[in-house]
Each structure stands twice: as structure tokens, then as C-alpha cells.
Amino acid sequence: MEAEANSGSPEDSWAFIQRPGEGCRTVPLAGHVGFDSLPDQLVNQSVSQGFCFNILCVGETGLGKSTLMDTLFNTKFEGEPATHTQPGVQLQSNTYDLQESNVGLKLTIVSTVGFGDQINKEDSYRPIVEFIDAQFEAYLQEELKIRRLLHNYHDSRIHACLYFIAPTGHSLKSLDLVTMKKLDSKVNVIPIIAKSDAISKSELTKFKIKITSELVSNGVQIYQFPTDDEAVAEINGTMNAHLPFAVIGSTEELKIGNKMVKARQYPWGTVQVENEAHCDFVKLREMLIRVNMEDLREQTHSRHYELYRRCKLEEMGFKDTDPDSKPFSLQETYEAKRNEFLGELQKKEEEMRQMFVQRVKEKEAELKEAEKELHEKFDRLKKLHQDEKKKLEDKKKSLDDEVNAFKQRKTAAELLQSQGSQAGGSQTLKRDKEKKNFF
């Protein structure tokens with residue numbers, strides 16, 4: 001039987017191998033099965049698990065980033081206004097649990113405190129890029145664990161970057177262009193003109209055209225609302241033409257007519273936040289939250305994170321195919337990298353051993369040289385000491401001879417003096433005797 005099974009041609013013996021998507025047939029169902037409820041199951045599961053959305057607000061201090069977030073989500077997030085005295089750019093992250101109807105949202109807002117406040121702005125973008133990469137790296141490490149808990153993992157990857165542009169009415173600053181260029185491959189960048197009520201409507205139109213032209217000429221790839229889904233293709237295509245959005249934020253409510261609306265009161269009039277004739281706030285809210293929030297999450301995972309993951313794994317030596325375009329086995333790659341690592345480890349160990357032996361020899365030579373120098377110094381000092389000792393002994397002997405000679409001279413002098421005194425005394429007695437005889 002086995003011989004008969006293997007006696008056919010290779011094509012016949014491999015006929016059972018079928019790649020996914022090839023030779024798939026559509027067959028009718030005789031009755032209701034029930035897998036048409038899968039979308040409902042997916043919705044129920046997603047609602048029970050809740051959703052997360054992470055927004056990065058990049059812009060100079062004082063452009064109304066916090067106010068716009070409060071206005072977007074119709075709440076008051078805690079936080080203190082930032083000052084212009086920060087020594088560098090710091091990223092401040094706050095996470096909030098929001099509930100709307102029966103849908104829960106874990107919202108994370110990351111603010112760039114001190115961005116653009118330094119005199120030297122050359123590396124202002126670097127902390128932002130490092131923060132985004134750190135979130136990618138944390139997710140990758142969780143993904144590579146043996147026991148993964150991705151369903152309970154708090155995904156901190158940035159889904160949308162709102163880049164706040166100052167309403168100068170002229171052109172983009174070099175800081176804006178450099179930062180957006182560095183971020184466009186790592187996050188979905190949505191440029192917005194902050195405090196757009198600071199310039200006139202005609203200036204705002206020209207400013208938008210200027211910004212779009214500079215972004216294109218500098219190769220900055222901003223997020224484009226998707227148009228491949230027929231349900232949102234028309235509205236997204238229209239909104240893409242309105243980028244960058246000119247927005248105004250306000251949590252103050254004023255009575256306009258018969259209803260209370262969010263607005264900003266000025267001496268010359270009132271600017272309504274949700275009035276599309278006044279600003280693009282409603283467009284931003286529709287595109288960011290109500291229409292494309294899931295696409296932003298999907299783009300972050302399938303595009304930006306996959307790019308980071310691919311580059312990181314390639315750095316670690318993992319590839320999809322070998323030089324012969326054959327599929328790469330993970331086990332073989334692991335073994336190859338392990339052997340390569342062990343080889344490098346042994347090589348480094350041998351280099352360190354040789355280096356250690358070399359340093360020991362050098363140290364021994366230094367110690368021997370130092371010992372030789374000490375012996376030579378000791379001999380010189382010993383000889384010097386002997387010479388000094390001999391000199392002192394000779395000097396002492398000379399002094400002793402001088403002392404003895406002095407004593408001899410002193411003794412002779414005393415003797416002569418004594419003899420002279422005796423002779424003088426006898427002559428005096430003789431004279432006294434002669435004088436007595438005379439009288």
C-alpha cells in the first residue's frame with residue numbers, strides 16, 4: 001500500500017498541499033449556522049474590555065494644548081499651567097478613565113512641557129522621539145515574553161500626535177518642520193493651527209496654504225484620513241482638504257440666543273468653539289474621535305509599530321528570508337545567533353584573558369623596575385650614609401687630636417706658670433734677707 005501511495009509523480013504526491021487563499025471554493029449553506037453573529041460577538045467583547053486611546057500634544061508653551069483637550073472631551077482634566085522656565089523638554093503623561101453610555105475609554109494625554117522654550121532648540125525633538133520609541137519597546141518586550149498578557153496590557157503607544165502650530169500667519173518655524181519630519185515615521189501627525197482666532201479669516205486661508213506647501217516641499221508625511229472605506233470615504237476626502245485644522249478651545253459657556261455654547265468672549269465679539277463658520281474644532285472632533293479613532297489605532301499598530309518592530313528584529317539578526325530567498329526558521333536563527341553570541345563571548349573572554357595576562361606582565365615589569373630603583377636608591381643612600389659617617393669619624397678624630405693637643409699645651413703652660421711663681425717667690429725671700437742683714 002505504501003509503495004502504491006508513493007509510486008505517483010511528485011505532482012500527484014504533493015497535490016494535497018494547498019496554500020491559504022488558493023483553490024478556495026464558495027459553497028452554499030443548507031440552513032442557518034450562526035457565525036453571522038461574529039460581528040456582534042466582537043462588539044460585545046470589545047465593549048466589555050474597553051478601549052484605550054493615547055494622544056500626544058506637541059507645541060510651544062501657551063498655545064492652549066490643555067484647554068483644547070478639555071474642550072475635545074468635554075471635561076476638566078487636572079493639571080497646572082506650564083511655565084517658560086523649563087531647562088529642557090519634559091513629557092508629562094496622565095491617564096484617565098472615561099465613560100460614555102456603556103463604552104469605557106482609557107485616555108492617555110501626553111504633553112510636551114517646555115517645548116520651544118529654550119534658546120538652543122536643536123535637540124528639542126529628541127525627548128519626544130525617545131518617548132515614542134520607549135512605548136514601542138515596552139510593547140515589543142511584552143510581545144516577546146514567553147507568557148504574554150497582551151489582553152490585559154495597558155497599551156501606551158501613541159495613536160495620534162496633535163501638533164500645535166503658532167498662529168503667526170507667515171510660515172512654519174524651522175523647529176516645527178524638523179520635529180514633524182522626525183515624528184512622521186513614528187506616529188500619526190495631525191497638524192492644527194492653535195488659537196486661530198488671533199488672525200483674520202483671509203490670513204488664515206493663506207496660512208493654511210503656506211503650511212501645506214511647506215510640508216510637501218520638506219517631505220513631511222502627515223496623517224491622511226483614510227478614503228478606502230466607502231462609508232467614510234467622502235467625508236474623509238473632504239476633511240483632508242481642510243488640513244491643517246484651525247481650532248479654538250474654551251471651557252467657558254456663554255448664552256448665545258436661547259442656548260449655552262462654548263465660546264470665547266472678546267471686546268469686539270464672541271467666538272463660538274462649535275460654530276464651523278468660526279473655526280474647525282467640530283471637524284477635528286469628528287475626524288479624531290467620531291470617525292477615525294479606530295483607524296488611528298490600527299495605523300499605529302500596523303504601520304508605525306511594525307516598522308519599529310521590523311527594524312529592531314533585524315538589528316537582532318532576525319530576517320524573513322535567507323540570502324537564497326528561502327524562508328528563515330526562527331529556531332535556526334535563534335541557534336545561529338546563540339552560537340554567534342557564544343563565539344563572540346568566547347572571543348571577548350580570550351581577549352580579556354590575554355589583556356589580563358598582558359597587564360599582569362606589565363605590572364610585574366613595573367614592580368620589578370620599581371624594586372630595582374628602590375635597591376639602587378637604597379645602595380646610594382647606604383653609600384652616602386657610610387661616606388657621611390666616615391667624614392664625621394674623621395672630623396671627630398681631628399677634633400679629639402686638637403683637644404688633646406690643647407690639653408697638652410694647657411698643662412705645659414700651667415707647669416711653666418707654676419715654676420715661674422716658685423722662682424719669683426724664692427728671689428723675693430732672698431731680697432728680704434739681704435735687706436735685713438743690711439740694716
Side-chain angles (χ1 to χ4, degrees), residues 6 10 13-14 16-22 52 54 56 88-91 93 108 110 123 125-159 181-188 297-371:
N6 294 333
S13 62
W14 296 342
F16 68 95
I17 301 176
Q18 179 177 322
R19 293 184 176 86
E22 293 183 4
C52 72
N54 307 318
L56 171 64
V89 180
Q90 299 177 357
L91 278 86
S93 177
T108 300
V110 183
D123 294 330
Y125 69 88
R126 198 176 301 278
I128 305 173
V129 173
E130 291 174 354
F131 177 84
I132 296 173
D133 285 344
Q135 311 318 307
F136 285 154
E137 182 64 25
Y139 191 89
L140 178 61
Q141 292 301 321
E142 182 66 25
E143 198 176 46
L144 294 177
K145 286 182 179 178
I146 296 176
R147 298 182 61 184
R148 300 186 298 179
L149 299 173
L150 291 176
H151 60 283
N152 291 329
Y153 177 75
H154 174 52
D155 187 2
S156 59
R157 295 173 296 177
I158 301 299
H159 300 124
K181 183 63 177 175
K182 294 293 182 179
L183 294 178
D184 64 358
S185 62
K186 297 180 178 294
V187 70
N188 302 310
R297 287 157 41 90
E298 178 62 27
Q299 285 291 320
T300 299
H301 181 77
S302 62
R303 180 186 169 196
H304 301 297
Y305 171 68
E306 282 299 320
L307 176 61
Y308 177 85
R309 178 178 175 274
R310 186 177 74 242
C311 294
K312 201 70 176 179
L313 291 179
E314 286 178 354
E315 288 178 6
M316 296 168 62
F318 294 98
K319 296 179 181 179
D320 291 332
T321 57
D322 59 12
D324 298 330
S325 299
K326 295 181 180 179
F328 236 44
S329 169
L330 184 64
Q331 181 67 24
E332 292 177 359
T333 304
Y334 170 77
E335 291 295 335
K337 292 299 293 184
R338 183 175 181 273
N339 294 333
E340 181 183 351
F341 174 75
L342 291 176
E344 291 179 357
L345 188 63
Q346 291 177 355
K347 183 179 178 181
K348 288 183 179 180
E349 184 179 355
E350 181 64 23
E351 290 177 354
M352 290 180 66
R353 190 186 68 80
Q354 292 179 359
M355 186 182 297
F356 176 76
V357 172
Q358 181 66 23
R359 289 188 176 181
V360 168
K361 290 181 179 180
E362 291 175 356
K363 199 67 179 179
E364 287 180 350
E366 291 177 2
L367 290 174
K368 287 182 179 179
E369 186 67 24
E371 184 180 6

Practice task
State, yes or no, whether a side-chain contact exists between V89 and Y125 at a heavy-atom distance under 4.5 Å.
Solution key: no

Exercise for the section: Look at K145 together with E142 and state whether they make a salt bridge at an N to O cut-off of under 4.0 Å. Expected result: yes

Handout entry: Donor-acceptor pair between Q358 and Q354 side chains, under 3.5 angstrom
Key = no

Exercise for the section: Heavy atoms only: give me the nearest F131-I158 pair and the separation to one decimal. Expected result: CE2-CD1, 4.0 Å

Practice task
Please examine the side chains of F136 and H304, heavy atoms only from C-beta on, and report whether any two atoms are closer than 4.5 Å.
Solution key: yes

Handout entry: Distance, nearest 0.5 Å, that separates CD of Q135 from NZ of K186
Key = 12.5 Å

Exercise for the section: Could you tell me whether the side chain of L91 reaches within less than 4.5 Å of the side chain of L56, counting heavy atoms only? Expected result: yes

Handout entry: E362 CD to R359 CZ distance, which is reported to the nearest 0.5 Å
Key = 8.0 Å

Exercise for the section: Take atom NZ of K182 as the centre, draw a 6.0 Å sphere, and report whether it contains more than 12 heavy atoms from other residues, nucleotides or ligands. Expected result: no

Practice task
Under the side-chain contact (heavy atoms from CB on, under 4.5 Å) rule, collect the residues that match up with E130, sequence neighbours excluded.
Solution key: R126

Handout entry: Distance (rounded to the nearest 0.5 Å) between R157 CZ and T108 OG1
Key = 12.5 Å

Exercise for the section: May I ask you to test the I132-L183 pair for a side-chain heavy-atom distance under 4.5 Å? Expected result: yes

Handout entry: Residues R309 and E306 bridged, charged N to O under 4.0 Å
Key = yes

Handout entry: Heavy-atom side-chain contact between R310 and L307 under 4.5 Å
Key = yes

Practice task
Hey, could you give me the CG/CG distance between L150 and D155, rounded to the nearest 0.5 Å?
Solution key: 9.0 Å

Handout entry: Nearest-0.5 Å distance that lies between atom NE2 in H159 and atom CD in E298
Key = 10.0 Å

Exercise for the section: Check the angle between the aromatic planes of Y153 and Y139 and answer parallel, tilted or perpendicular using the 30° and 60° thresholds. Expected result: perpendicular

Problem - pair K361-V357: side-chain heavy atoms closer than 4.5 Å - result: yes

Practice task
State plainly whether the residues R353 and E350 are in salt-bridge range, i.e. N to O under 4.0 Å.
Solution key: yes

Handout entry: Pairwise distance CZ(F341) to CG(N339) - rounded to 0.5 angstrom
Key = 11.5 Å

Exercise for the section: Return yes if a side-chain donor-acceptor contact under 3.5 Å exists between N188 and T300, otherwise no. Expected result: yes

